Every structure is written in structure tokens, then in C-alpha cells.
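See structure below.
So that the names make sense, note that chain A is the first sequence line, chain B the second, and so on, each numbered from 1. Only a predicted model underlies this, so the values are computations on that prediction, with no experimental measurement involved.
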Amino acid sequence: MASEAVRDNFFMHNKMATVISLKDIKRDFTVGSETVHALRGVSFDIEEGEFVTIMGTSGSGKSTMLNILGCLDIPTDGTYRLDGNDTSKMSKNERAILRNRKIGFVFQNYNLLAKTTAVENVELPLMYNGGISAKERHARAVEALKAVGLGDRLEHKSNQMSGGQMQRVAIARALVNNPAVILADEATGNLDTRTSFEILVLFQKLHAEGRTIIFVTHNPELSRYSTRNIFLRDGRKVEDTLNPHVEDAALTLSQLPQED
Amino acid sequence: MHYGNLFKIAFRALIGNKLRTLLTMLGIIIGVASVITMLAIGQGSKRSIANQISEMGSNMIMIHPGASSTGGVRMDAGSMQTLKLEDFHAIKEQCSLLDGVTPQVRSSGQLINGNNNSPSTLYGVTEDYLSIRKQEVEKGDIWNERDEKTAAKVCVIGTTVVENLFPDGTDPLDKVIRFNSIPFRIVGVLKSKGYNSMGQDQDDVVLAPYTTVMKRILAVTYLQSVICSAKSEGQTDAAIAQITEVLRKQHKLRDTDEDNFTIRSQAELSAMMNSTTDMMTTLLACIAGISLVVGGIGIMNIEYVSVTERTKEIGLRMSVGARGIDIMSQFLIEAVIISITGGIIGVLLGVIATVLVNILASWPVYIEPWSVLLSFSVCALTGVFFGWYPARKAASLNPIDAIRYE
């Protein structure tokens, strides 16, 4: 069953379906009497199966970009199509449903529900999808947790887990609704080097299985492990390159000095 | 939509943070429990005051002969002979608003038992006298109808009389004492009532059948007074009107004639009772109101703080696809569960506290069903409202702001 899904993903990957399409995205904020241009016309497409790193310093507009990509915010101008859906015409509720079905978020500080078991945390997105039975929900949550290597910690509560484990739960939560795209916001930002690489290994594994991943970060080092890198500066895209030599995070991890 | 899921979400959120759930519930529990206990104590004292006042006979009506004049000379009411035994029978039969009716004839004299004697008043009455005066026979029993018909020389005595005539503590039942020179057999002893509000010793009485007193002691055919009790204190005025009508007919008075009898009720007493109970009611309303406001503020604070504290959680839920309505529904369901559970616990706790107050402090208590309903519904509504109101604000939050909220 899982291998079938992987094969299907690869099949669609080969067709190179466009998951994300941004055309001249602008986002202005009004702060007092001043207008701040967070994004000044950004366009790019992301195909299914890409692992994209969006980088930029603070103030570059990458957080705004993440919010728009995640349908948490709408652009002032321009069009954003997610998996064929034009988000600019959508109501708040429609965007909530779109997030629920098409997007998996991974946050820097995990954002797990406190004192709640791993399975229940992972089930959360499916709880807001009335079409899924309790049985299926549980099965999919368990499957997602196994996929991130937490098959043995299903009933652990969020306060009984390490940072790396919590982030794995968060990734499982992002996977569970089988999203069109996984959006990671500084997903390794709170973790030590070794754990960061463990998470990166996981992202690369998910990518290898055909998932589309967008990693938003300020850390340029991470660009070595993704297939494509987009740099933002002052609200504009200044660089958009494919990475010809994707490094294997697992290899880097194995070369890290062993800690006692 | 998926209400089953929303219930599960709400339930998981409540279980997930038991302390917060408990604290929120505590506001409601204390609110409900304190209102119930306060009102129970208040109602208890109100009832006990009302009881004490009605013990004094707030519904008592006294009929005396009099108010007539013979040739322009007003006569002493006691010497009037206008109130007859037939009047008593007519009142007893025709006045529907009366509970008890008794004639009363009185004679003062010396009670003698061997070496002991004391002055006392002998009242000739019927059995109804006890219910009208709220007195009870503690030992023995009151005389029967046959005694009344045969004018038997039997009596029921008060405890003061027992103390005076039987200082050595012998059982007075079936002993024979003398009133002046006439022997009376004691058939019953009244339960002690102590002094009344006028300072009269209510236990210094001797009761005998009115027939006995009329025939064997006073040798009269008229009555000194008739005492009755209205069915309730509120019906006193109507009962007086009824008695007046019956007596005027009995006495064959023309419309222009003055009444040749006087009817008095305990109007002052009932006015006092009304003002006391009214004050009690107002006091209770204030206490209940303050308790409810305090309880409500407690609920509001905790729920408001908890929603603020949960802004991040709300943001997360929205980012994984919860709509505003889902968030609101969740908080509403949580508030309903908390309020109802807290309300039920509060009712139980309030009842327990009330019983404890009654046992430990031996205060009179009475739980009114409406007080339970009122406190429960007010606290539950406050709980739901203050759970829902901040949640509605949270639900309208921008998910970005909510998830980045620190």
C-alpha cells in the first residue's frame, strides 16, 4: 500500500505537475501611516516532487512568503494557485479547508498540543476533516508516525519527548493529510546540530518518496541538501537555482563527531 | 459538519489540561454551591422566623361581646351577655374560612393540691383551643366529646401549674386537684411554650371543657369570647367579614344597627411578620445576587485568561485547517461541558455544605428548588457566555498572529 503510493507519486513526479504557481505576488502592510512592501512582485512555479529552500535574511519577506504559500495570508496583488486552486478568490473558510487538505505545516517550535499523545497530535488535521472515520484517522496517524520513525512512541505525550521527537511528531502531523506540499518554517531552528541533521535526513527521505517540500530558513547551509534554492531579498526574488549536487544529509550526519 | 469530531476535540482539550479545566470548573462550583448554601441558610431563617411568628397565632381571631350600649351607657365587654352558645355553633357551622373555633369562658381562682396551692386561671374551651393557640398535649390526652357533653370535671394543665402543685415531681396524670372547691381530674399536661412576647407565662393555664366551666363554676349561659383561627394568615380579613355577617344575622341586627360584638385579629402581629419576611426576602436576594456576580466574575476571569493563554493553540488549529466556526464550536462545547459538570458538582457541594451547616452550626436551613435552578442556570449561562465570548474573538484572529502569539 505504502509502496504503491510512492510509485504513484513518482509517476506524477515524472509528469511534473505544477503544485505551486506564483505570479507577481505583492504584499503590502500598512504600519501606521506608512506602507511596508514585504513582497514586491515575486513569481515562481514549484513542480511536484521538488525540495525547495526559500532563504533570506530577516526582512527579506520570507515569512510573508511562507504565510501566503500556506494560505494563512492573501497577497495584496498577484495570483497564487495551489494545486490548481486560485486562492485569491477564496473566503477565509475555503482557505482553511484548502490548508486542511493540501498543506502540511512544520513549525520551528513544533506547536504540538500540550500534554497530548503523539497519535492525537498527528490526528489533529484529520479531526477537521469530517469525511474520515475514526478508525481510518487512527490508522493514518499511526502510519505517519511510523514513517517518521516514532512507531514505538505512539502514546507518548508531547511533554515526555525530546525536541527532535517533537519535531518528528510535527512532521508526521504534516504528512497525515497527504498534502500537496509540506511547508517547513525554520524546522531545524530550535534543534542542536545532530538532531537538525536527523530531521534533514527525514525530509530528504520524504522527498525521495516523492513529496513536495518547501523549507523556509535563514540558514544558507541548508541549501546544500535541497534540489532548488530561492533567495529573497527586500521582497524580491534575487536568485532561483537548481542544486546540481544535492548532498546526502545522512552522510553529513555520519561524519559529525560522536558525542558522549 | 463533524460535530462528533468537535466533541472529541473539545473533550481531548479538556482532558489535556486537567488543571485549567478544574480551575475553570471551580469558579462555577463555588458560585453554585455558595448561592445554594446562602439561600438555604436565608430561607431557613426566614422560615423559622415566620414559624415563630405564626406560633404566636398570627391567624387568630377573637370575638368579644360588646360595643353596644344600653340606654347610652357603655358596658364592660366581659359583663355583656350578647355572645351566646348558639353564636358559637353558628360560626362553627357557617364560616368556611375558619380552621378552628372555640368558645372561651374564664374564671380565676386558687388551685389546690394537698399542701400546695397557686393562683391560676381556668379556661373553659373546646379541643380546638390547642390548634388555635398552637399548643400541644405532651402527656396524656385532651378530654373527649363525652366529657364535654356531660360537663365532666376534667382538666389539662400547663407545666407551670405542674411545678406549683407537684413540686416533688409526682406524675400529675389522673391526680385530682381542686379549683376553688371543685375537684378536677388531670387528664393531660401541655407541652411547655414558655413566655410569650408580652411576658405572659403561657404555661400557667388550666384548660377544662367549656360546658364544665359554664355550668359548674360560673353558672352562666353566655360566652365571654369566641376564639377562632383563619385557615391562613392571608384569609384573616375575609374570615372576619364572614364572622361579622353570621353574627349580625344571629343577633337579628338591622342594617342601621351597630355591631353588638367586637372582632379583633392579630393584625399588628401579621404586619410585623410581613415586614420581617419582606426584609428577609430582600436580604436574600442581595446575598444571592452578590454571590452570583462574584461567581460570574470568577468564571469570566479564568475563561478569559485561558483563552488568551491558548491563542497559540488556536493558531495551530487554524493552520491545520480549523475554520473560525470550528474553533468557536470547540470552545463553546468545552464551556458547556465545564459549566454543566461544574454546575452539577456545585449543586451537590451546595447541598452537602447546607447539611453540614445544619448539623455543625445547627442553623435552620431550607433548600428551595428554585434556588438550585437559579444558581445552576445563571452560573452555567455565565460559564458558556464567557467561554464563548473570548473564543469568538480568538476565532476571528488572524491565524498568523495567533500562532506567533507569545
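Between B/Ile9 and A/Tyr128, some side-chain heavy-atom pair lies under the 4.5 Å cut-off. B/Ile403 has its side chain out of reach of A/Phe105: every pair of non-hydrogen atoms, C-beta onward, lies at least 4.5 Å apart.
Neither the backbone nor the side chain of A/Asn177 comes within less than 4.5 Å of any heavy atom of chain B. Looking at A/Glu123, only its side chain comes within 4.5 Å of chain B, counting heavy atoms on both sides. Using a 4.5 Å cut-off between heavy atoms, A/Asp185 contacts chain B through its side chain alone, with no backbone atom that close. Heavy atoms of A/Arg173 lying under 4.5 Å from chain B belong exclusively to its side chain.
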Worked verdict on A/Lys115 versus B/Lys18 for side chain to side chain contact (heavy atoms under 4.5 Å, CB included)
CA-CA 10 Å; A/Lys115 297 176 193 167; B/Lys18 293 188 189 72; over 6 Å; no

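For the pair A/Arg99 (side chain) and B/Met318 (backbone), a donor-acceptor distance under 3.5 Å is present.
Atom CD1 of A/Ile103 sits about 9.5 Å away from atom OG of B/Ser319, to the nearest 0.5 Å. Atom CG in A/Asn100 sits 9.0 Å away from atom CG in B/Asp326 (nearest 0.5 Å).
B/Asn5 and A/Arg137 are linked by a side-chain donor-acceptor pair at a separation below 3.5 angstrom, with hydrogens and angles left out of the test.
No salt bridge links A/Glu120 with B/Lys8; every basic N to acidic carboxylate O contact stays at or beyond 4.0 Å.
Heavy-atom pairs under 4.5 Å with chain B peak, among A/Thr116, A/Leu124, A/Leu112, at A/Leu124.
Shown here is B/Phe11, whose CZ atom has no more than 12 heavy atoms of other residues, nucleotides or ligands within 6.0 Å. More than 12 heavy atoms of other residues, nucleotides or ligands sit less than 6.0 Å from atom CZ of A/Arg153.
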Expected list for residues 54-67 of chain A: side-chain donor-acceptor pairs under 3.5 angstrom, two or more places apart:
residue: A/Ser60; atom: OG; partner: A/Thr57; partner atom: O; Å: 2.6
residue: A/Asn67; atom: OD1; partner: B/Arg404; partner atom: NH2; Å: 3.4
residue: A/Asn67; atom: ND2; partner: A/Ser63; partner atom: O; Å: 3.4

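What you find for B/Arg323 and A/Ala96 is that their closest heavy atoms are CG-CB, 3.5 Å.
Across B/Asn398, B/Asp401, B/Ile400, a single residue satisfies side-chain contact (heavy atoms from CB on, under 4.5 Å) together with A/Leu72, and that is B/Ile400.
Applying the salt bridge (Lys or Arg N to Asp or Glu O under 4.0 Å) rule to pairs touching residues 308-321 of chain B yields B/Arg20-B/Glu309, B/Arg310-B/Glu313, B/Arg310-B/Glu334, B/Lys312-B/Glu406, B/Glu313-B/Arg317, sequence neighbours excluded.
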